[in-house]
Amino acid sequence: MVGMPKFREKRLTGRPMEPNPKDREHRVLDALHRAAVFCDQKVGWNRIGVVLSFTIIAIAAVVLYRILRTINAGEVVEAVMTTSPRHITLAAVFVACGYLTLTFYDLFALRTIGRNEVPYWGAALAAFTSYAVGHNVGASVFTGGAVRYRVYSAWGLTAVEVAKICFVAGLTFWLGNATVLGLGIAYAPLAATAIDQLPAWLNRAGAVLILIVLALYVAWVWRRPRVVGREAWCVNLPGGPLTLLQIFIGIVDLGFCALAMYMLLPDEPNIGFVTLAVIFVSATLLGFASHAPGGIGVFDAAMLVALWQFDKEDVLAGLLLFRLLYYIVPFALSLLILGGRELVLLLRGAAQPPLEPLPSLAPTEVATSPDARQEQA
């Protein structure tokens, strides 16, 4: 009709409009969030964790029983006694270096949450004692967190800040594990086959997938500041360069621990350090998933199954020495340190740190920092 304005066409071409990359990113994050909420409300993460833990422990118990019933205890004792003192000393040095690296987990976490006033020796005290206690008592998130809170409360840190430290330190642990497993299995897939009994090509494909996800995560935090959580529970994730430092710390820690185990195995047959590192990290993660104190039984069963090339008595002797050096000795030292510290505080008349009420725990979300939102606006 005359005088009526003509409607402009919405598209100049017949091609469909391409989705915005930011929209795709938010859709993926929203889908992950909905899946997490479903598991939390309908199934329950606690139930999933309990079922998984009992399944791993039950399988490990059966495997360990079948292996140990053929073990000659006298040969195990002989293998322990004939282990080279030089190798035991080197293993002890590597264990000490591993615990030294763990102190940087906490130092890195403190700097990430902005508590720069806590000195290195405070971070070292909290890290060593919390990991030594958590490794041996089990439920390290709670036991280690309680020890951390007792130490860090001297600098005025709250329970929420200690929870953030545990989160960042745990992220460092998982990033290091993912990198070691991804690179190690891609190089020596048969090492993982000894644990999971899957074909080598499938393990290598899984390793490549792990490395791709890891690279995507690094690129994701490199683009702009990222925040996880809400309200008082939010944590600023380390940026790209700091994430690489995080990964490096985790690799060094796992490398020292694997070297300690490597020193306690016989020289022959020589399976190579990379192969042992993959087996060691895989067995450690299985023990961690079981929530058993020190992964006892689960870690040992996995190592005994994977290291089939060695005499079982020699492997068991190495595992006993490793537990002595990595678990029992640090645990005893941490109890002495914590007991001495509590005695000093008691003599000084220091007051107990007050337990502040925790803020409500809102559903976890991934977002950008306030500064990034202003830039986008």
Side-chain angles (χ1 to χ4, degrees), residues 49 52-53 56 60 94-95 97-106 108-109 112 127 130-131 134-135 138-141 144 165-196 198 202-218 220-221 228 237-238 242-262 272-292 294-296 298-303 306 322 326-327:
L52 181 62
S53 298
I56 294 174
F94 289 136
V95 166
C97 291
Y99 272 97
L100 176 64
T101 308
L102 286 177
T103 64
F104 293 100
Y105 278 53
D106 275 44
F108 182 89
T112 299
S130 64
Y131 280 114
H135 286 162
S140 57
V141 173
I165 291 172
C166 293
F167 171 79
V168 177
L171 182 61
T172 304
F173 170 79
W174 286 108
L175 288 174
N177 276 273
T179 306
V180 170
L181 284 179
L183 294 175
I185 296 176
Y187 176 78
L190 289 176
T193 299
I195 292 282
D196 56 27
L198 295 176
L202 187 57
N203 282 323
R204 178 166 281 161
V208 172
L209 179 61
I210 291 174
L211 294 176
I212 290 174
V213 172
L214 189 63
L216 290 175
Y217 173 79
V218 174
W220 181 65
V221 296
V228 176
L237 294 177
L242 288 178
T243 299
L244 294 181
L245 176 61
Q246 236 183 330
I247 293 173
F248 176 75
I249 293 172
I251 292 174
V252 172
D253 168 40
L254 294 170
F256 279 129
C257 294
L259 278 171
M261 189 72 244
Y262 191 68
F273 174 70
V274 174
T275 299
L276 177 69
V278 171
I279 293 173
F280 176 85
V281 173
S282 301
T284 300
L285 290 180
L286 284 173
F288 182 82
S290 71
H291 294 286
I296 189 166
V298 179
F299 170 79
D300 310 274
M303 293 290 289
F322 181 80
Y326 192 80
Y327 290 97

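When reading the values below, keep in mind they use all heavy atoms of this one structure, side chains included, and skip hydrogens, waters and symmetry mates.
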Asks: Show the nearest heavy-atom pair for residues Ala169 and Ala109, with the distance to one decimal.
Replies: N-CB, 4.3 Å
Asks: Is any side-chain heavy atom of Tyr217 closer than 4.5 Å to a side-chain heavy atom of Leu237?
Replies: yes
Asks: Angle between ring planes, Tyr326 versus Phe322, binned at 30° and 60°: parallel, tilted or perpendicular?
Replies: parallel
Asks: Side-chain polar contacts of residues 173-192 - donor-acceptor pairs under 3.5 angstrom, sequence neighbours left out - could you list them?
Replies:
residue: Asn177; atom: ND2; partner: Phe173; partner atom: O; Å: 2.7
residue: Thr179; atom: OG1; partner: Leu175; partner atom: O; Å: 2.8

Asks: Considering only heavy atoms from C-beta outward, does the side chain of Leu202 approach that of Asp196 to under 4.5 Å?
Replies: no
Asks: To the closest 0.5 Å, what do you measure between CG (Leu216) and CG (Leu211)?
Replies: 11.0 Å
Asks: How long is the straight-line distance from CG of Leu285 back to CZ of Phe280, given to the nearest 0.5 Å?
Replies: 10.0 Å
Asks: Where do Gln246 and Val168 come nearest, in terms of heavy atoms and distance?
Replies: NE2-O, 3.5 Å
Asks: Would you check, one step at a time, whether the test side chain to side chain contact (heavy atoms under 4.5 Å, CB included) holds for Ile195 with Leu286?
Replies: CA-CA 10 Å; Ile195 292 282; Leu286 284 173; 4.1 Å; yes
Asks: Are the side chains of Ile210 and Val213 in touch, meaning some heavy atoms are under 4.5 Å apart?
Replies: no
Asks: Hey, can you pull the donor-acceptor pairs under 3.5 Å for the side chains in residues 248-259, sequence neighbours left out?
Replies:
residue: Asp253; atom: OD2; partner: Tyr105; partner atom: OH; Å: 2.9

